[in-house]
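Note sheet for the following structure.
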There are 2 protein chains.
Amino acid sequence: MVAKAGKAAKQVRDAEATKTAILDAAEAEFAQYGLNAAKTEEIAAKTGVTKAMIYYYFKSKEDLYVAVLERVFFGRYMDSIQPEELEQLPPEEALEKLIRRQIATDFNYPNLGPIQIHEALQNQGKYYQHVLSSDRAQQVFGIVTRILERGIAEGCFRKLHPQHTIVNIMGACNFYFTAYENMKYLWQGAPLLNPETVEQHAQEVVDLILAGVRNQQTSK
Amino acid sequence: MVAKAGKAAKQVRDAEATKTAILDAAEAEFAQYGLNAAKTEEIAAKTGVTKAMIYYYFKSKEDLYVAVLERVFFGRYMDSIQPEELEQLPPEEALEKLIRRQIATDFNYPNLGPIQIHEALQNQGKYYQHVLSSDRAQQVFGIVTRILERGIAEGCFRKLHPQHTIVNIMGACNFYFTAYENMKYLWQGAPLLNPETVEQHAQEVVDLILAGVRNQQTSK
DNA sequence: GTCTATACCGCGATAGAC
DNA sequence: GTCTATCGCGGTATAGAC
């Protein structure tokens, strides 16, 4: 409600604010429906500005979608994973931190996972390609891969396939959130998406994965 | 091309065949787009019959969707998991079989996972509720839970939370397929969805999960 | 049981006033 | 920079002939 930098409370004609509002609303809409089923009319309604504004700032629904995709990955995801920080840690500690940050990200930015999944299913990653092929994405993927490789080399992790293992870990972290709305009917009222249960989820994944990758042979 | 039971090659007016053809096409369409973005026109085009037929056999897009959901779960999924068979096996063996069957199912019925995920994200499980609340679904979920509980009781599995663990295992199995279309840009041309790589995926998950749940203490 | 034709409207996108 | 009005396509669903 409080406008920034001393301007009037109800800001009219603040380009940056309007653009951000549209991006926020679009992010939520695309997360629920994906590119194809999302409606610009809904986005406008959630934003509070009119539909025409969407086409003023972004020239098409498709362009708006790409803008959301980029902001979600380079902004939200990279910011909260902070992969460089993990590079210096011992492999086990780095892996645990990675898992906890991944789950915290899914919890704090619930739009992230759904947007990525819709993109994969509906568009076969077509609009995500340039993001994931970017130097930055490749670099981050490399850092995570190297955590596992280092662990194997140092003997604390067993011989495993790093890329498969990363995907499987991501799956264990994400599926809880992705499938939650179905799962609630199987768990019958048991868990919520409250911080305590999510923390329990994080702990279960950490225990499962760390035990799963640890090298049990004391002799090598 | 060969018509069943000695009828003419190009069958006109075979109610069952038409209905099945519509369900098959609808399943593929809903798997890619989910309920909201799926188009009955596309389904009709894939089927070869006209749009009007869809509304003759199923009275609305929504009803067709529910029919697909039920067929996918009670038909495809239950048939290929065969949970009762696992109940008699030792826990470790039962868990490995469950994982391998889950992955085989995802591979052989690529529509299954996507349909369930779209349902969770787009409709919050609204149309899936009656399926997952059914006695049959609850029973199966119970069987799988009991595999883990038995393993803990017998001392071959460590103390873990069965429900969380099931979700995390499912995640490790499914995410590979769900996110494949995005992942291919990270793995840069490496793996395909060919049987060999999928078998490798299955082996990696089995190794990861079995090591992850195994009780390491020899003394109790 | 299958088709053609069409009613109806929701939604992406634009024009143009303010 | 924001709004109102509107165009036109495409998608759900139905009527009715064969």
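Chain letters run A, B, ... following the sequence lines, proteins first and then strands; every chain starts at 1.
Shown here for B/N182 and A/Q116, the closest heavy-atom pair between the two residues is ND2-O, 2.8 Å.
The distance from atom NZ of B/K19 to atom P of C/dT2 is 12 Å, rounded to the nearest whole Å. Between the NZ atom of A/K61 and the P atom of D/dC9 there is a distance of 18 Å, rounded to whole Å. Between the CG atom of A/D63 and the P atom of C/dT14 there is a distance of 11 Å, given to the nearest Å. Regarding B/F58, its CZ atom lies at a distance of 14 Å from the P atom of D/dA13, rounded to whole Å. A/Y57 has its OH atom 8 Å from the C1' atom of D/dT2, to the nearest Å. The separation between A/R13 atom CZ and D/dG1 atom P is 9 Å, rounded to whole Å. The CD1 atom of A/I22 sits 15 Å away from the C1' atom of C/dG12 (whole-angstrom rounding). Note: CE (A/M53) to P (D/dT4) measures 11 Å, nearest angstrom.
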Exercise. Given salt bridge (charged side-chain N to carboxylate O under 4.0 Å, His left out), test B/E84 with B/R136 step by step and report yes or no.
Key: CA-CA 11 Å; B/E84 348 290 325; B/R136 181 60 180 142; 2.6 Å; yes

Quiz item: Run the side chain to side chain donor-acceptor pair (under 3.5 Å) check on B/Q203 and A/H161 step by step: do they pass?
Solution: CA-CA 10 Å; B/Q203 190 60 50; A/H161 189 296; over 6 Å; no

Quiz prompt | Audit row: A/E42, A/K61, salt bridge (charged side-chain N to carboxylate O under 4.0 Å, His left out) steps and yes/no | solution = CA-CA 12 Å; A/E42 273 303 307; A/K61 182 173 136 177; over 6 Å; no

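Side chain of A/K51, nearest nucleotide from D/dT2, C/dG1, C/dG12: C/dG12. The side chain of B/A52 lies closest to C/dT4 when the candidates are D/dT12, C/dT4, D/dT2.
Contact check, B/S60 against D/dT12: no side-chain N or O comes under 4.0 Å of OP1 or OP2. Here A/Y55 does not reach the OP1 or OP2 of C/dT14: none of its side-chain N or O atoms lies under 4.0 Å away. In terms of phosphate contacts, B/Y56 brings no side-chain nitrogen or oxygen within less than 4.0 Å of OP1 or OP2 of C/dC3.
The aromatic rings of A/H164 and B/H201 sit parallel to each other, their planes meeting at less than 30°, with 60° as the upper class boundary.
In this model, a donor atom of one side chain and an acceptor atom of the other lie less than 3.5 Å apart for B/Q102 and B/N174.
Residues from residues 28-50 of chain A with heavy atoms under 4.0 angstrom of DNA chain D, sorted by number: A/V49, A/T50.
For the pair B/E29 and B/K39, the salt-bridge criterion is not met [side-chain N within less than 4.0 Å of a carboxylate O].
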